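Step one of this worksheet: look at the structure below.
Because the structure is a prediction, the values reported are computed rather than measured. Letters go in sequence order (proteins before strands), and every chain restarts at 1.
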Amino acid sequence: MPRPADTSDPLSALLRAASDVVTREELDKRLLASEKDGKPLRVKFGIDPTFTDIHVGHAVPIRMLRNFQEMGHLPVLILGDATARLGDPTGRNEQRPSLSKEEVEVNASTYLEQIGTILDLEEGKCEIRRNSEWFGEMDFFDGLRLASRATVARMLERDDFQKRMKDRLPIHLHELMYPVMQGWDSVQVEADIEIGGNDQLFNLHMGRLLQERAGQKPQICLTTHLLLGTDGQKMSKTCGNHIALRSSPEDVFGKVMSLSDEAMEAWFQLLTSQTEEETSAILSGHPRDAKDLLAREVTGWLHGEVEADAASRTFRKRFKDGDLPEEIAEARLPAGPQTLPGILKRAGLASSTSEARRWIEQGGVRLDGEVCKDVSLEVDLSLHPEGLLIQVGKRKVLRAFLKA
RNA sequence: GGGGAGAUACCGAAGUGGCCAAACGGGACGGACUGUAAAUCCGUUGGCUCCGCCUUCAGAGGUUCGAAUCCUCUUCUCCCCA
């Protein structure tokens with residue numbers, strides 16, 4: 001189905017980030033029906049609390065959820081506290097260590113806090129469920145009955161299982177159950193729509209299957225394009241190329257600015273509400289200005305516009321004009337003359353004296369603004385009552401004082 | 001139950017008795033340049049009291065003047081056959 005030319009209506013704006021819609025006809029039909037009878041659609045989104053932080057990649061489907069919320073539908077947020085303990089096999093070639101109930105609980109509450117910055121979690125505007133609600137009381141045989149609703153052949157159709165078979169990587173038996181569990185969530189909450197990343201398409205389809213078998217109307221599957229990380233690779237916590245929602249404004253801003261120029265378009269598409277026309281207009285201008293705008297938008301919806309503007313100014317001063325940051329960390333060091341590498345290590349800048357030496361030899365260390373390449377320089381902090389300003393590279397700055 | 005393959009630095013991956021602190025790629029970091037923490041180029045990437053020394057190649061022993069490399073056992077992983 002071609003996208004309507006007018007992108008100002010909420011649905012097309014929402015679908016900007018969409019990858020698959022199964023199916024568009026059903027979606028239109030159900031939206032229409034909802035409008036008629038005044039019953040909001042139940043839009044499910046599940047997230048497993050396996051870590052403490054969620055990042056802007058997760059924000060893409062959550063923003064979509066918010067769009068639905070603004071259209072008057074009901075987000076059904078599922079905290080996969082049961083599935084988290086199993087671990088989603090998607091895109092992994094190794095098992096995740098299984099988490100304890102306590103760890104999952106801690107993560108779940110931090111997740112809610114973070115999701116709350118995007119979605120209105122107020123009672124009545126959003127339904128929050130934990131899937132331990134239904135999985136918690138199932139016994140082994142209930143589990144087997146659930147397993148009997150799907151077939152191995154069907155399960156093995158899944159891309160990442162196929163890939164792993166081909167690469168001769170292990171597929172653990174319990175991993176086959178993950179899609180079934182996720183699908184069962186849909187049955188339990190009677191979802192009309194489920195949103196997920198496009199690597200979740202298979203799991204979302206499983207929901208349709210199980211719902212049909214349970215005599216429900218199958219949910220519409222709506223997947224989002226995957227947001228690539230700041231380095232252009234798949235965004236993941238382990239790669240360190242993500243931006244956590246809880247990052248400081250400066251951090252968010254800076255990380256967006258470190259995006260490659262090529263990645264900008266996708267970020268605009270997935271994380272801002274600009275229309276395509278606006279986006280391409282912005283991108284035809286100076287890349288730096290485009291990125292500044294992008295960074296301000298992203299920082300803005302996480303921290304507010306005031307903070308975003310401030311972060312932008314700080315960034316400019318810091319990296320364009322080469323100014324020192326407004327707040328400089330301080331370190332108090334013990335008395336007595338010490339070698340420069342020793343100081344760097346003790347101040348916590350370098351993790352080893354060898355690392356410190358390398359920086360110095362490469363001309364990356366400045367003392368009170370002057371590059372110092374002398375590895376064996378003896379520094380006596382008592383000669384610097386105002387503190388010694390130490391800079392390493394462009395980012396690490398610190399003022400060292402004599403310990404009182 | 002049987003047979004086979006494997007465990008190397010942050011990650012991926014070479015190395016199969018000395019020239020190995022360990023190729024190469026990614027990442028990260030430093031420098032130059034710039035339009036920014038983009039791109040490109042150069043360099044660095046175990047530790048230390050650093051022109052030398054010390055500890056690394058799953059773990060524990062052993063052979064050897066000398067082992068990541070050979071042998072034994074242990075732990076873990078994968079594949080194939082049944």
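Taking atom CE on A/M264 and atom C1' on B/A39, their separation rounds to 12 Å, with Å as the unit. Regarding A/F315, its CZ atom lies at a distance of 10 Å from the C1' atom of B/A38, rounded to whole Å. One can place CG of A/L344 at 17 Å from P of B/C29, the figure rounded to the nearest angstrom. Summarising the geometry, the separation between CG on A/L294 and P on B/A37 is reported as 17 Å, rounded to the nearest angstrom. A straight line from CZ of A/F319 to C1' of B/A38 spans 14 Å, rounded to a whole angstrom. Separating the NZ atom of A/K255 from the P atom of B/A38 is a distance of 14 Å, rounded to the nearest angstrom.
In the model, A/N131 has a side-chain atom that pairs as donor or acceptor with a side-chain atom of A/T83 under 3.5 Å.
Within the 4.5 Å cutoff, the side chain of A/V379 has no heavy atoms near those of the A/T339 side chain.
For B/C29, one of the phosphate oxygens OP1 or OP2 lies less than 4.0 angstrom from a side-chain nitrogen or oxygen of A/R395. Between A/K394 and the phosphate of B/U36, there is no side-chain N or O to OP1/OP2 separation shorter than 4.0 Å. Phosphate proximity of B/G35 to A/R288: absent, as no side-chain N or O sits under 4.0 Å from OP1 or OP2.
For A/R208, the side-chain hydrogen bond (donor to acceptor under 3.5 Å, both in side chains) partners two or more places apart in sequence, or in a different chain, are A/E26. In this structure, the side-chain hydrogen bond (donor to acceptor under 3.5 Å, both in side chains) partners of A/S186, at least two apart in sequence or on a different chain, are A/K44, A/E194, A/Q219. When the salt bridge (Lys or Arg N to Asp or Glu O under 4.0 Å) test is applied to A/D309, the partners found at least two apart in sequence or on another chain are A/R296. Applying the side-chain hydrogen bond (donor to acceptor under 3.5 Å, both in side chains) rule to A/R316 yields no partners; only residues at least two apart in sequence or on another chain are considered. Residues passing the side-chain hydrogen bond (donor to acceptor under 3.5 Å, both in side chains) test with A/E297 are A/Q274, sequence neighbours excluded.
Among the nucleotides B/U36, B/C29, B/A37, the one closest to any side-chain atom of A/S258 is B/A37.
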Determine, for nucleotides 44-55 of chain B in 5'-to-3' order, which nucleotides have protein heavy atoms under 4.0 Å from the base (write B), from only the sugar-phosphate (write S), or from neither (write -).
SS-SBSB-----

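Residue A/K396 is classed as a sugar-phosphate contact, given heavy-atom separations below 4.0 Å to backbone atoms only.
Annotation: of the two residues near RNA chain B, A/W359 and A/K291, the 5′-most nearest-nucleotide partner is A/W359.
Between the side chain of A/D261 and the base of B/G35, at least one donor-acceptor pair of N or O atoms lies under 3.5 Å.
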